[in-house]
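Presented below is the structure to which this report refers.
Chain A is the first sequence line, chain B the second, and so forth, proteins listed ahead of strands; every chain is numbered from 1. Keep in mind the model is a prediction, meaning the values are calculated, not measured.
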Number of protein chains: 2
Amino acid sequence: MPTQSRAAVSLQSALPATDADEWEDLLHRATTRPKRAPDRKQDRSKRTEQQILNAALRVFARDGISRSRIADIAAEAGISTSTLYEYYKSKEDLAYDLPTSHLVTFFEEYRTAVAGRTSARDKLQLYLSMSADFAREHAEWGRLFYLEIWPSVLVSETELRHSVDDFARIVLYLIDEGVRQGEFPAGRNTYETASLLLGAVNQVIITWLLYRRPRNLTKASAEITERVLNMIANEKD
Amino acid sequence: MPTQSRAAVSLQSALPATDADEWEDLLHRATTRPKRAPDRKQDRSKRTEQQILNAALRVFARDGISRSRIADIAAEAGISTSTLYEYYKSKEDLAYDLPTSHLVTFFEEYRTAVAGRTSARDKLQLYLSMSADFAREHAEWGRLFYLEIWPSVLVSETELRHSVDDFARIVLYLIDEGVRQGEFPAGRNTYETASLLLGAVNQVIITWLLYRRPRNLTKASAEITERVLNMIANEKD
DNA sequence: ATTTTTTTCGACGTTTTATCGGAAATATTG
DNA sequence: CAATATTTCCGATAAAACGTCGAAAAAAAT
């Protein structure tokens, strides 16, 4: 039971003893980012909070963050504007907190799905395909995250930044692992390789979110991921 | 004919007679996008317009579009808010018109620089390196364009969209040309290859704009471009 | 010099954001 | 259960940003 022992260890020391530990640690941190919102006492509040998040996602995805109005979000959530301000201190605050929970869900789903895989390449393939699929399945979230928040300068000032960093860090780690295990040739700049992979897949996702091209995102992202991983694996040292 | 690769961009004019013509036509259209702003009579106006654009670029790059205030931009430009509204009907209008002139300048610089090159691969290498260098040299513009406007859903509703389409269309065309001339293996989805190239380079540019990493963008972008082009050229059919 | 056109700006109305004090709902205590 | 305390919600209203308009100033034309 790796999860439990991991949790125990991470309380004690920051430095994992083994590679497997480090990988577990990475996934663990990604799935346990602290929630920014202060805990509410009543159940009613949790419902309200959820209504706000649902409404905000719909409105932001429909109108874009800048054109969305707080009043519209509140109305959509069935509460008054001033109540919304009890939960989020500004529109920006809401927009940049909103994607967190989905992101954590994605990491959790990946963590479960990756359990069987052993090779770094398989793990990478799964990770990138799943990220595209997740954007397709949660297209409203995808629009918000990929088209408005991730590239934004503002993200670097928010808590969400940590999750975004986790996102890239996992790719980076897996490439390193692949090199260590001889699946990928050494002698290449790992950051560069990561940019290549992440950039290519994100480009496909973004194009899909904007134009719904290619028609079949799942197939297209699996294809490009496979292709790039092949290229990387077959590169001359 | 790879009709699929044409799908994402809409070619509007009649088909030129030869390849060389088509290439010239592509560059010509990119450098002659009509200006949206109505022509002003007095020189004073042109100066004012320029002051607005300079001020807006500074303010947008510093605060981000959403946090920027029209009043701040007007003050920075040394004019009153109401005068600004004589030139642009809203903040959004200004933000999405602003990057056009720089983009046209980029296409012009590329057009001049590419004149000597003959192989499609050389042209691609130059194009992508120059795009990174241009972002580095005009970092404020780069922040606005790459981090706020390009990925935005809103861009698809603006005139700027045409220039953005040109940007991708050129990569697409050069890959096609490379395949036709036997520099790149056939049998690959051109659109996919373009995503790969553009995604990788943009990822590097965006990371540099956000974190100033890698330190030397010129070197890094040349390196990753070279690497990806090699990969593509050496791919098995 | 006078008239016409273009450009600028201050004054002001509108929309959106944000705050605050108290009412309503829920939880706690005796 | 009643009284009290806490939490949540909302109407009224302040503050800030957006956007309009008519008239003054500047430039051009006659």
**Report entry** Distance flag, aromatic centroids of A:Phe134 and A:Tyr127, threshold under 6.0 Å
**Finding:** no

Requested in this report: By nearest nucleotide on DNA chain C, pick out whichever of B:Gly78 and A:Gln42 is the more 5' one.
Outcome: B:Gly78

**Report entry** Integer-rounded Å distance: D:dA27 C1' and B:Arg40 CZ
**Finding:** 14 Å

Query raised in the report: What nucleotide among D:dG19, C:dT7, D:dC10 has an atom nearest to a side-chain atom of B:Tyr87?
Result: C:dT7

Query raised in the report: Under 3.5 Å, is there a donor-acceptor pair between the side chain of B:Lys219 and the main chain of B:Pro214?
Result: no

Requested in this report: Assign the ring pair A:Trp150 / A:Tyr146 to parallel, tilted or perpendicular, where the plane angle (0 to 90°) is split at 30° and 60°.
Outcome: tilted

Query raised in the report: Choosing from C:dG10, D:dT7, C:dT6, which nucleotide comes nearest the side chain of B:Lys41?
Result: C:dT6

Requested in this report: Rounded off to whole Å, could you give me the CD-to-P distance for the B:Glu92 and D:dA17 pair?
Outcome: 18 Å

Query - Distance in angstrom units between A:Ile79 CD1 and C:dA25 P, rounded - result: 16 Å

Report task. Answer with base, sugar-phosphate or nothing: what part of the nucleic acid does B:Ser45 contact at a heavy-atom distance below 4.0 Å? Result -> sugar-phosphate

Query raised in the report: In dot-bracket notation, what is the pairing pattern of DNA chain C, taking Watson-Crick (N1-N3 plus N6-O4 or O6-N4) and G-U wobble (N1-O2 and O6-N3) contacts under 3.5 Å, with [ ] crossing and | for other strands?
Result: ||||||||||||||||||||||||||||||

Report summary line: DNA chain D nearest-nucleotide lookup for B:Ala71 and B:Arg44: closer to the 5′ end is B:Ala71

Query raised in the report: Taking for each residue the nucleotide of DNA chain D bearing the nearest heavy atom, is the 5' side occupied by A:Ser80 or by B:Ser90?
Result: A:Ser80

Requested in this report: Round to the nearest Å and state the distance from B:Asp43 atom CG to D:dA26 atom P.
Outcome: 17 Å

Query raised in the report: Hey, what's the ring geometry for B:Trp23 with B:Tyr173, parallel, tilted or perpendicular (30° and 60° as the breaks)?
Result: parallel

Report summary line: Considering only heavy side-chain atoms of A:Ser82, the closest of D:dC10, C:dT6, C:dG10 is D:dC10

Query - Geometric cation-pi criterion, A:Arg143 with A:Trp141: 6.0 Å, 45° - result: no

Report task. Could you state the atom-to-atom distance from NZ of B:Lys89 to C1' of D:dC21 in whole Å? Result -> 19 Å

Query raised in the report: Considering all heavy atoms of both residues, which atom of A:Pro99 and which atom of A:Leu160 are nearest to each other, and what is their separation?
Result: CG-CD2, 4.1 Å

Report task. For A:Glu76 and A:Ala55, work out which heavy atoms get closest and say how close. Result -> CG-CB, 3.6 Å

Query - Interatomic distance where CG belongs to B:Leu84 and C1' belongs to C:dT7 [whole Å] - result: 14 Å

Query raised in the report: Which part of the nucleic acid, if any, lies within reach of A:Thr48 when heavy atoms closer than 4.0 Å are counted: base, sugar-phosphate only, or nothing?
Result: sugar-phosphate

Report task. Compare every heavy atom of A:Val153 with every heavy atom of B:Leu147, then report the nearest pair and how far apart it is. Result -> CD1-CG1, 3.4 Å

Query raised in the report: Is a side-chain donor-acceptor pair under 3.5 Å present for B:Glu148 with B:Tyr96?
Result: no

Query raised in the report: What are the residues of residues 59-70 of chain A, sorted by number, that bring a heavy atom to within less than 4.0 Å of DNA chain C?
Result: A:Ser68, A:Arg69, A:Ile70

Query raised in the report: How long is the line joining NZ of B:Lys46 and P of D:dA27, in whole Å?
Result: 15 Å

**Report entry** Nearest to side-chain heavy atoms of A:Tyr85, which nucleotide of C:dA27, C:dT7, C:dT17
**Finding:** C:dT17

Requested in this report: Might you point out which heavy atoms bring A:Ile224 and B:Leu196 nearest each other, and give the distance in Å?
Outcome: CD1-N, 4.4 Å

Query raised in the report: Quick one: A:Lys91 NZ to C:dT16 P, roughly how many Å, whole number?
Result: 10 Å

